[in-house]
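Chain letters run A, B, ... following the sequence lines, proteins first and then strands; every chain starts at 1.
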Amino acid sequence: MTEIPSKYNPAEAEGKWYDYWMKNNYFHSEPDDREPFTIVIPPPNVTGVLHMGHMLNNTIQDVLVRRARMQGKNACWVPGTDHASIATEAKVVQKLKAEGVDKRDLSREEFMKHAWEWTDKHGGIILDQLKRLGASCDWDRTVFTMDDIRYESVLKSFVDLYNDGYIYRGYRMVNWDPEALTTVSDEEVIHKDIQSKLYHVRYQVEGEDEFVTIATTRPETILGDSAVCINPNDERYSHLKGKRVIVPIANRSVPIIEDDYVDMEFGTGCLKITPAHDINDKEIGERHKLEVIDILNDNGTLNKEGLHYEGIDRFEARKQIVIELDEKDFLVKSEDYQTSVGTSERTGAIIEPKVSLQWFVAMKKLAGPALKAVMDDEVKLIPSKFKNTYRHWMENVRDWCISRQLYWGHQIPAWYYGSDHDDFVVAMTEDEALEKAKEKSGNKNLSAKDLHQDDDVLDTWFSSWLWPMSVFDGIRNPDNEEVNYYYKTNDLVTAPEILFFWVARMIMAGYYYRDQKPFDNVYLTGIVRDKEGRKMSKSLGNSPDPIGLMERYGADGVRVGMLFTSPAGNDLPFDEQLCEQGRNFANKIWNALRLLKSWKVDEKIDQPETAALANEWFSNRFTSVFAQIEKDFSNYRISDALMGIYKLIWDDYCSWYLEMIKPGYGDPVDGKTIAQAIEHFENLIKVLHPFMPFLTEELWHRIEERDADSALIVSQWPVIEYKANDEILNDFKRVEKVIAGIRTFRKQNNIPQKESLKLFVKTHEESSSHFDPIVAKLNNLESIEKTDDKVEGAYSFVVGSNEYFIPLEGAVDVEEQKEKIKEEIDYMKGFLKKVEKKLSNERFVENAPEKVVEMERQKQHDAESKIKVLEEQLAGL
RNA sequence: GGGCGAUUAGCUCAGCUGGUUCAGAGCAUCUGCCUUACAAGCAGAGGGUCACUGGUUCGAAUCCAGUAUCGCCCA
């Protein structure tokens, strides 16, 4: 084996081992008779680039997958991307615009050609970036929501749901993005508080001199008013019942209606009703059968209902109409007012509520089993605090508007053959549609020319909700071997923001198609924030470049840096220092092996007692900590599991164990000890492998040469073979304190380690001398002797209620020692007082469980004897 | 405005069905050390009325109520 450099070089190891893993096909999975462990990736946008959120999310997935693989399961992590219709189309439109091409001048086919070119050019970058991170995805299975199989699956599910009566076409108030010229879902609308104005406008009562005053933040919508509404209980307006008012500027006569919805306290208690442009007004309008007057064009300008404002943008029209209202004496006053408006997540444009003909999925029935599954923990949310919000959402689920006025996506498989509302058919293909149309219309002479396919595409989520099935072709071929084997999947790792519109819908789709959940566990990660707690975003420029980070700290360093402080469901305040900690850790382990490798081995010498003891202790220590790590894993406490292995390696293995077995300088190590040390080291890096795959694989092959079958990535995860011996572990805890006591003594008195010391022990409680050889070795003691008497003129300290003495001429500062002992006595007396007070409380002794009282008595006894020892010591000085 | 959740060391967080594994961990800070694996290191140390106010209890960080502050979801 070549000499090991003193620093680990991630750049060198990472490329090498990723290629090696790929070459040997370790990531690839085929159905077999092993237990499957499946994760489907939350598909990132095909043209996106890696950001910190992806890093966190995919690191967690990789940890879970790698561990499962080592546990001997058939691990399959399916990668892929989605087409992100709005975002991608917006980018393509932008690009074309820069080239002087207007989307509206292109046919669907032409536009799609550009979109595919864009996708081919930028697509998949993110997947390559995931490889840098070490993601052990089965790349042979990479899929895309718009590839042939997925495309057909999406159409099929539309047809299936339509035939089952879940999909319908209807008028709905939708969130219209006038910039993107499409509807966006409720979830894609961001509500923002803005400073606005509340305008008080008076309407003349028809045929009278009286006026009523309404308050509105959107005076331009006056042109679309179809009523004025009062609360039936409002006595101020009771004389107006049944009358009509004249809408200013429009000069239309509209009724005064009564509805409980009106808040008598708000504004003037008198509400204008504009059913086309407000969701609540629409509902009132439906109750009172009011006319719907849409005043807006799709691009946000006013249409002919806007009269002389036709063609003017809604915000400009608002300004102008206020002036006109004022000039014509309709404006009573305007006041500052804080209001909340919806803005588009994609374009930032203010969302326009708009009545429009759209396709919907009826959700109520689909939501039933999905709600139950989560409430019954059939599908576990981690952390479970999200169950509440999930339930709230599912119990108040609204129908899902799935059509989008875009080209980039799955074109809705509906064909229109006439002008009536109902003159359409839903089918997989045009041929099929024609057959159905002929049948439905009764017109045998219909031809393909008479059919027109719906221009809209489906919401991106309408493809990703099928993801856990469609990646295995389980929609088109529900009984194929793969979907039967891999579905249901095991874990899903995603962000809470999309719990509803992705996770919940996958659960619905799972029960709808297969009557089975799509996954057992949903691990919800937090949002990666910067140190100031701001969400990382491109616009703020506060996100570090992930690739740059990996170059600086190594992929492993960044992986553990992200995981050190990220309990499930909590936001992660990212700090580059965490990556540094990760890098340092890598180097620490690196040097541990470097040390082992630096020793000459002599097979002929016997194992020293210290090494045998060290091995005994560390074996138990490993077993005990590993059991806890396994528990942390099963509770999805990934950070805790990482911290567990971190401390086990750094503190227990490096700081304690290696020091215990270290041979004298220049001396060889015996064969048995080095073999045990290597074995422990191998177990440690196995457990570490899911977190730091590159470093550990590199070390694994530096321990000894291995063939492809015995690479670390496919090695066997340790198993717990026995229960750790607590007696040994507790005994050693005491030993640590003794060793620390002696170190403190050396330090205080500037006694170098080279100078050997004698230690005397006066025992007052049962105490094992099992680890004495270790104490002697680590502290360079020439002897440890029991004594019945105090050792005069010696430095002393107390561990438990045993006294330890180190005689050394002139090294003892009596006053300082006295001070220290007094302090300790004071502390113990205070403690004893508390215990005695408890025990003298009759109600405590009567009511508390016997065990608790017994424990208090024990505490009392221990404290008393310790105080006695300390006092004797003090007296002796 | 309605609902949910949080508040523990300078920072990020553990702390299960109340009781010596109850006040913890990592990082940061401070003090010594270039001791032959690692200064990307070693050995130590300090640091918290468990947000506040009441209540239940023999006993509360833990259970209950209220208050304050923050976050998320919904309107």
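- Within the structure, every side-chain polar atom (N or O) of A:Arg583 is placed at least 4.0 Å from both OP1 and OP2 of B:A40.
- Across all strands shown, A:Arg746 has no heavy atoms under 4.0 Å from either base or sugar-phosphate atoms.
- For A:Asp651, whose side chain is taken as the heavy atoms from C-beta onward, the closest listed nucleotide among B:G26, B:C42, B:A40 is B:G26.
- By the 6.0 Å contact criterion, NZ on A:Lys354 is enclosed, its count of non-hydrogen atoms from other residues, nucleotides or ligands being greater than 12.
- Scanning all heavy atoms of the two residues, the minimum distance from A:Asp731 to A:Arg734 falls at OD1-NH2, 2.9 Å.
- Note on A:Asn388: only backbone sugar-phosphate atoms sit closer than 4.0 angstrom, heavy atoms only; bases stay farther off.
- Side-chain proximity of A:Lys647 to the nucleotides B:G41, B:A25, B:C38 is greatest for B:A25.
- Residue-level contact check: A:Glu659 touches the bases, meaning some heavy atom is under 4.0 Å from a base atom.
- For the residue pair A:Asp632/A:Gln628, the side-chain donor-acceptor check at 3.5 Å is satisfied.
- Straight-line distance from the CG atom of A:Leu695 to the C1' atom of B:C38: 13 Å, rounded to whole Å.
- Using a 4.0 Å cut-off, some side-chain N or O of A:Tyr646 falls inside it from OP1 or OP2 of B:C27.
- We find that CH2 of A:Trp590 is positioned 16 Å from P of B:G41, with the value rounded to whole Å.
- Put simply, CE on A:Met643 is 16 Å from C1' on B:G15, counting in whole angstrom units.
- In summary, the aromatic rings of A:Phe626 and A:Phe622 are positioned with their centroids under 6.0 Å apart.
- In B:U49 the O4'-C1'-N dihedral to the base is within 90° of 0, which defines a syn nucleotide.
- A:Trp599 comes within contact range of no nucleotide atom at all, as no heavy-atom separation falls under 4.0 Å.
- The distance from atom CD of A:Glu497 to atom C1' of B:C72 is 11 Å, rounded to the nearest whole Å.
- The nucleotide whose nearest atom lies closest to any side-chain atom of A:Asp640 is, among B:A14, B:G19, B:U36, B:A14.
- A:Lys588 places its NZ atom 8 Å from the C1' atom of B:C42, with the value rounded to the nearest Å.
- Among the protein residues, A:Ala586 comes within range of no part of the nucleic acid, since none of its heavy atoms lies under 4.0 Å from any strand.
- OP1 or OP2 of B:G26 has not a single side-chain nitrogen or oxygen of A:Gln581 nearer than 4.0 Å.
- Residue contacts shown for A:Gln753 are absent, as no nucleic acid heavy atom lies under 4.0 Å away.
- Taking every side-chain heavy atom of A:Lys747 into account, B:A43 is the closest of B:A37, B:G5, B:A43.
- Heavy-atom nearest nucleotides on RNA chain B were determined for A:Trp656 and for A:Tyr8, and the one closer to the 5' end corresponds to A:Tyr8.
- Nucleotides B:U21 and B:G15, compared at atom C1', are 11 Å apart to the nearest Å.
- Taking the six-membered ring where the residue is Trp, the centroids of A:Phe691 and A:Tyr646 are separated by 6.0 Å or more.
- The side chain of A:Trp650 places an N or O atom within less than 4.0 Å of a non-bridging phosphate oxygen (OP1 or OP2) of B:C42.
- In terms of position on RNA chain B, the residue among A:Gln577 and A:Val835 whose nearest nucleotide sits closer to the 5' end is A:Val835.
- Between B:A75 and A:Arg398, a contact under 4.0 Å exists linking OP1 or OP2 to a side-chain N or O.
- Rounded to whole Å, the distance from CG on A:Asp667 to P on B:A37 is 13 Å.
- For the C1' atoms, the distance from B:C4 to B:G10 is 30 Å, rounded to whole Å.
- A straight line from CD of A:Gln628 to P of B:A14 spans 15 Å, rounded to a whole angstrom.
- One can place CG of A:Asp632 at 12 Å from C1' of B:A25, the figure rounded to the nearest angstrom.
- Considering only side-chain N and O atoms, A:Lys7 lies under 4.0 angstrom from the phosphate OP1 or OP2 of B:A39.
- For A:Val852, whose side chain is taken as the heavy atoms from C-beta onward, the closest listed nucleotide among B:G26, B:G19, B:U36 is B:G19.
- Of all heavy-atom pairs spanning A:Glu395 and A:Leu371, the tightest one is CG-CD2, 3.9 Å.
- Heavy atoms of A:Gln858 sit nowhere under 4.0 angstrom from any nucleic acid atom.
- Applying the 4.0 Å criterion to OP1 and OP2 of B:A37, one finds that A:Lys662 has a side-chain N or O inside that range.
- At a threshold of 4.0 Å, the pair A:Glu736-A:Lys733 does not count as salt-bridged, since none of the basic side-chain nitrogens sits closer than that to a carboxylate oxygen.
- Distances shown here put every side-chain N or O of A:Arg637 at or beyond 4.0 Å from the OP1 or OP2 atom of B:A25.
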